[in-house]
2 protein chains.
Amino acid sequence: MKKTRTGNSRELLIDAAEAVVLRDGGSTLTLDAVAAEAKVSKGGLLYHFPSKDALIEAMIERLIRTFTASLELALQSEPPTRGRFARALVRAMFDRPPELAEKESRMSASLLAGVANQPRLLDPLRNAYARWMKAVAADGLPPGRSMAVFAALDGIWLWSLFGIYQPTPTQLRAIRIVLEELIATDAS
Amino acid sequence: MKKTRTGNSRELLIDAAEAVVLRDGGSTLTLDAVAAEAKVSKGGLLYHFPSKDALIEAMIERLIRTFTASLELALQSEPPTRGRFARALVRAMFDRPPELAEKESRMSASLLAGVANQPRLLDPLRNAYARWMKAVAADGLPPGRSMAVFAALDGIWLWSLFGIYQPTPTQLRAIRIVLEELIATDAS
DNA sequence: GTCTATATCAAGATAGAC
DNA sequence: GTCTATCTTGATATAGAC
């Protein structure tokens, strides 16, 4: 713990930024709003994050860390048999506390939206996916299965991200069963 | 053809807006840029679309119409057996000319991004999904199958939308086969 | 490290002439 | 229906004091 640095302030500022997005939506993510939320002046904020992009990048990285953590957790309790990674993905997506999932959805949507035109900011996400896709490829199932499961989960995520469609709990259960069968069934 | 109205001008302006987005990205979709592209003044543009939101809404509606049309086409050549809608979805997504798909992806991403904070503008998309989900529910397959297929297609779409991950042709083929088997296989 | 004050700018929208 | 000119706002970022 030698290096406290400015690390803690940064985390607090990211907290504030998240609070703003969750409370008022992504379009209100302005430096003023974040500074106010953190009870800091804009100058103070800009000391830690020299630009708004830097702030957004940090928010994205935190979001990825959070998801990665719950994926790791799910992985640990999966037996190392074929389809392990796919099973962990399914659990990480479906078994997340609903209100947490809802928050992360809104956060993700706002960030994706704010960032879609500056592809560079999505690099951390791209890197994360590249890693996951490697795991998918090494998952031991017949070709395409794990990736199809991954895609389906991301499809549901997309619907929720932009409020495009809200599956009922029954529908979600049905989809989950289909995906789990896809993982469990032997190649045809 | 009695009502020509301002319809044609509107279409030309939407063409221009699309051209701007495709050439320079979504963040450059400004009234000035669209007006310049259409060789019209900003005032002229605003005569037809009283606000930028109105323009974006029209762009979204056109995009939905386009996709709906190719889905209808795919539907027509599918035999009316169980899983018809799911099969049509698969074909509409996979068999689209690649460079067209790429354009539509970029368009969609820019529009989604610009609009994520004003959920009302996504209403046309929500309505379209509501219709499709009805068709999915009536598709005749075991519960969750058609919807899982739909989700998987949208997941791949999401990856492409934001350039998150680019599946190889081999991977795409493998996924497609998995999905088609999911549609064709009897309930387990 | 944090603050205030200010520069700068881009963009949406309005008004009114033609 | 289309144009020019202008208003207004809201946001990023900088400069420099404390």
Side-chain angles (χ1 to χ4, degrees), chain A residues 1-21 23-60 110-111 113-121, chain B residues 1-21 23-60 110-111 113-121:
Chain A
M1 289 303 179
K2 196 168 150 199
K3 289 189 144 191
T4 301
R5 294 182 54 195
T6 60
N8 197 36
S9 303
R10 278 175 59 100
E11 293 305 314
L12 290 175
L13 290 170
I14 299 176
D15 288 343
E18 288 189 350
V20 168
V21 169
R23 176 161 26 81
D24 303 324
S27 61
T28 66
L29 181 66
T30 66
L31 295 181
D32 289 285
V34 174
E37 178 76 24
K39 287 178 184 139
V40 164
S41 71
K42 195 152 54 165
L45 169 58
L46 281 166
Y47 171 78
H48 294 282
F49 298 96
S51 74
K52 187 182 179 180
D53 280 357
L55 173 62
I56 292 182
E57 196 170 11
M59 295 176 75
I60 293 178
S110 298
L111 290 178
V115 133
N117 302 310
Q118 305 193 328
R120 199 201 110 261
L121 290 182
Chain B
M1 289 305 178
K2 198 169 149 198
K3 288 190 142 187
T4 300
R5 291 184 56 196
T6 60
N8 196 36
S9 302
R10 278 176 59 100
E11 293 307 312
L12 290 174
L13 291 170
I14 299 176
D15 289 344
E18 287 188 350
V20 169
V21 169
R23 176 162 27 81
D24 303 325
S27 61
T28 66
L29 181 66
T30 66
L31 295 179
D32 289 286
V34 174
E37 178 76 24
K39 288 179 183 137
V40 165
S41 71
K42 192 151 58 163
L45 168 58
L46 280 167
Y47 172 80
H48 294 281
F49 298 97
S51 71
K52 187 182 180 181
D53 281 357
L55 173 62
I56 292 182
E57 196 169 11
M59 295 175 77
I60 292 177
S110 299
L111 291 179
V115 134
N117 302 310
Q118 304 192 329
R120 200 201 110 261
L121 290 182

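Chain identifiers are assigned alphabetically (A, B, ...) following the order of the sequence lines, protein sequences preceding nucleic acid strands; residue numbering begins at 1 within each chain.
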Participant: Looking across every strand, which nucleic acid part, if any, lies under 4.0 Å from Leu45(A) by heavy atom: base, sugar-phosphate, or nothing?
Facilitator: nothing
Participant: Rounded to the Å, how far apart are Tyr47(B) OH and dA15(C) P?
Facilitator: 17 Å
Participant: What distance do Asn8(B) atom CG and His48(B) atom NE2 have between them, rounded to the nearest 0.5 Å?
Facilitator: 9.5 Å
Participant: Of the nucleotides dT2(D), dT2(C), dT14(C), which has the atom closest to the Leu46(B) side chain?
Facilitator: dT14(C)
Participant: Please write out each protein N/O paired with an N/O of nucleotides 4-11 of chain C under 3.5 Å, distance rounded to 0.1 Å.
Facilitator:
none

Participant: So which atom in Lys52(A) and which in Leu29(A) form the shortest heavy-atom distance, rounded to 0.1 Å?
Facilitator: NZ-O, 2.8 Å
Participant: Can you measure from CD (Glu57(B)) to CE (Met59(B)) and round to the nearest 0.5 angstrom?
Facilitator: 12.5 Å
Participant: Give the minimum heavy-atom separation between Asn117(A) and Ser110(B), together with the two atoms involved.
Facilitator: OD1-OG, 4.2 Å
Participant: Please report, rounded to the nearest Å, how far the P atom of dT2(D) is from the CZ atom of Phe49(B).
Facilitator: 12 Å
Participant: Of Ile14(B), Ile56(B), Leu31(B), which meets side-chain contact (heavy atoms from CB on, under 4.5 Å) against Phe49(B)?
Facilitator: Ile14(B)
Participant: Identify the heavy atoms of Val34(A) and Leu13(A) that sit nearest to each other, and give their distance.
Facilitator: CG1-O, 4.0 Å
